[in-house]
Peer 1: 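Handing you this structure, nothing more for now.
Just so it is clear, the structure is predicted and the values come from calculations on it, not from any experiment. In this chain, residues are counted from 1 in sequence order.
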Amino acid sequence: MRPAPTILHLDMDAFYASAEQASKPSLRGKAVVVGGLGPRGVVATASYEARRLGVHSAMPTAQARRLAPNAAYLVPRFSLYRTVSDQVMELLGRLSPLVEPLSLDEAFVDLEAGGTADDSASARATGEGLRTAIHAVTGLSGSVGLAGSKMLAKIASEEAKPDGLLLIEPGTERELLAPMSVRILPGVGPATGDHLRRAGMTTVHDLAEAGEAELVRLVGKAHGHGLYRMALGLDDRPVVAERDAKSVSVEDTFDVDLHDRVRVRAEVERLAVRCVERLRAADRSGRTVVLKVRRYDFSTLTRSETLRGPTDDPTVVREAAGRLLESVDTTGGVRLLGVGVTGLADYTQEDLFAQAADARELAQRAQEHSSPPVEGGEESAPEPEPDSAELLAARRWPAGHDVHHEEHGHGWVQGSGVGRVTVRFEEPWSAPGRVLTFRVDDPLLRPAEPLPLVRDAADYSSWPASLPKSRSGADSSGGGESSP
């Protein structure tokens, strides 16, 4: 524990949904749900308006639609979220060399290591300045927690939500934690929480009063010791700047089980290319290709192949994933496919560029020796099951994604069906726009890249040397800005 609250935790507020509302003027103040929209889709993020109706992340989208039938349901736009995340992380990096990202919208910062705070007053000023900068650069809000440990800083930011700041003064930790649910502590999930509840412990105070020996008896030595320390507000974990990813992967859940083998292989190859795109975006390469297949009965199989060395060649990864697929029985139907790469490195091995050709040659030789002759000449592969026009339209025009019309300008897809796509034409800085409907094959309509959320962002090139006094356009006294 530190004697000053110099560990900062930032958590952007309802990040995906807030970015969508900032991008679409007609959705501001309305319920927005971002996630998978098919029968098996899951909510990624819900706006605060949707949360008041009972919608929350990880909820099946079908259930969310029953709770909030009039909400806007949108497909995630990760290119936009990554762009905004990069802007936020760049601001955090100016505060300290020790920034520990947890996800696109969440990170710890060691302010003491950056020399930007050494007591409560300077920590609060830095936290307020950060919120101001984020709002000016991205148009979005984030909640900030400040404390002498990572655990307490994260708890503080959660208590400050939405759009607030909470500073926990050293020495007040036990008083603050005592009435809180045991579920507030890291590592206490539903199962552990239920186990503690049956033992009569529902608050952090109950854990502290029970003592270390009793907690060890209930949940084991390692977990019990850690749980007791956390109940006392003790946490010595440092902020770690390098949180190296151990793998890169992508996966898709299909609305209808895939039965056609050619279609399954095509999806695997498509996922392999997407996986390599993420790998290259991270400037990494990998040595082991992993295939994940969830079948119709929810059984999940994984297969892996280790290459001669690291690669970021899409052909190598695609063909390795295809070979792995050959060892999996998919006749009953496939509901989910995933392709990943592990054993990450910062370089590629030159001779791997020839590996794809080697693999093709080996596969061709094997086919020549094992494939039976086919009457009537050349063997023909079975045709994949054709996708319906509705499915093709949904893939080309995902709800919420950006489009550009040569006559009407920039807009976003409200929905598609029956050979039509409905578009609302508006920009992040415009008034709510009008809605028009087109044929899905209209030659004047095309997909587009997301626009910036802030057209004329303030110049923060000198920040944090010149911290603003208050947030522009926001009430700096609201949103949970308090100190216990």
Peer 1: Considering residues at least two apart in sequence or located in another chain, which fulfil the salt bridge (Lys or Arg N to Asp or Glu O under 4.0 Å) criterion with Arg274?
Peer 2: Asp252
Peer 1: State, with a plain yes or no, whether a side-chain heavy atom of Leu111 is found less than 4.5 Å away from one of Leu146.
Peer 2: yes
Peer 1: Checking Asp11 now: which residues fulfil side-chain hydrogen bond (donor to acceptor under 3.5 Å, both in side chains) with it, not counting sequence neighbours?
Peer 2: none
Peer 1: Can you establish whether the number of heavy atoms outside Glu90 located under 6.0 Å from its atom CD is more than 12?
Peer 2: yes
Peer 1: Restricting to salt bridge (Lys or Arg N to Asp or Glu O under 4.0 Å), what partner residues turn up for Glu251, sequence neighbours left out?
Peer 2: Lys292
Peer 1: Could you tell me which residues satisfy salt bridge (Lys or Arg N to Asp or Glu O under 4.0 Å) with Glu173, sequence neighbours excluded, listed by chain and number?
Peer 2: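 Testing Glu173 for salt bridge (Lys or Arg N to Asp or Glu O under 4.0 Å), a comparison that skips the adjacent residues, returns none.
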Peer 1: May I ask you to test the Leu95-Trp463 pair for a side-chain heavy-atom distance under 4.5 Å?
Peer 2: yes
Peer 1: Test of understanding: with side-chain hydrogen bond (donor to acceptor under 3.5 Å, both in side chains), list the residues that count as partners of Thr138, not counting sequence neighbours.
Peer 2: none
Peer 1: Side chain to side chain donor-acceptor pair (under 3.5 Å) between Arg287 and Thr306: does it pass, once the steps are laid out?
Peer 2: CA-CA 6 Å; Arg287 191 178 183 194; Thr306 299; over 6 Å; no
Peer 1: OG/Ser157 to CG/Leu166 distance, rounded to the nearest 0.5 angstrom?
Peer 2: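 Ser157 atom OG to Leu166 atom CG measures 9.0 Å (nearest 0.5 Å).
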Peer 1: With sequence neighbours left out, what residues match Arg303 under salt bridge (Lys or Arg N to Asp or Glu O under 4.0 Å)?
Peer 2: none
Peer 1: Side-chain donor-acceptor contacts of residues 222-234 below 3.5 Å, not counting sequence neighbours, with atom names and distances?
Peer 2:
| residue | atom | partner | partner atom | Å |
| --- | --- | --- | --- | --- |
| His225 | ND1 | Glu212 | OE2 | 2.6 |
| Arg229 | NH2 | Asp236 | OD2 | 3.0 |

Peer 1: Show me, pair by pair, the donor-acceptor contacts under 3.5 angstrom made by side chains of residues 174-193, not counting sequence neighbours?
Peer 2:
| residue | atom | partner | partner atom | Å |
| --- | --- | --- | --- | --- |
| Ser181 | OG | Arg183 | N | 3.1 |
| Arg183 | NE | Val188 | O | 3.1 |

Peer 1: When you compare the side chain of Ser57 with that of Thr45, does any pair of heavy atoms fall below 4.5 Å?
Peer 2: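 Side-chain contact under 4.5 Å: no.
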Peer 1: For Phe78, give me all partners under ring-ring contact (aromatic ring centres under 6.0 Å, His included), at least two apart in sequence or on another chain.
Peer 2: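 With neighbours one apart ignored, the set is Tyr16, Tyr81.
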Peer 1: Which residues pass the side-chain hydrogen bond (donor to acceptor under 3.5 Å, both in side chains) test with Thr116, sequence neighbours left out?
Peer 2: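 Applying side-chain hydrogen bond (donor to acceptor under 3.5 Å, both in side chains) to Thr116 gives none.
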Peer 1: With Leu8, which of Leu130, Val99, Leu167, Val239 fulfils side-chain contact (heavy atoms from CB on, under 4.5 Å)?
Peer 2: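 When side-chain contact (heavy atoms from CB on, under 4.5 Å) is applied between Leu8 and each of Leu130, Val99, Leu167, Val239, only Leu130 qualifies.
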Peer 1: Roughly how far, to the nearest 0.5 Å, is CD of Glu214 from CG of Leu207?
Peer 2: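 Here the interatomic distance stands at 10.5 Å.
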Peer 1: Between Leu307 and Val289, is there a side-chain heavy-atom distance shorter than 4.5 Å?
Peer 2: yes
Peer 1: Assess whether a salt bridge exists between Lys154 and Glu158, defined as any Lys/Arg side-chain N lying under 4.0 Å from an Asp/Glu carboxylate O.
Peer 2: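 Salt bridge between Lys154 and Glu158, a charged N being under 4.0 Å from a carboxylate O: no.
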Peer 1: Is the shortest side-chain heavy-atom distance between His401 and Pro447 below 4.5 Å?
Peer 2: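 No; the side chains remain at least 4.5 Å from each other.
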Peer 1: Would you call Pro314 and Arg280 a side-chain contact if the rule is heavy atoms closer than 4.5 Å?
Peer 2: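 Yes, side chains in contact.
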Peer 1: Sort and list the pairs that fulfil ring pair (Phe, Tyr, Trp, His ring centres under 6.0 Å) and have at least one residue in residues 172-201, not counting sequence neighbours.
Peer 2: none
Peer 1: What pairs of residues pass the ring pair (Phe, Tyr, Trp, His ring centres under 6.0 Å) test when at least one of them lies in residues 22-53, not counting sequence neighbours?
Peer 2: none
Peer 1: When rounded to the nearest 0.5 angstrom, what is the spacing between OG1 in Thr330 and CZ in Arg335?
Peer 2: 15.0 Å
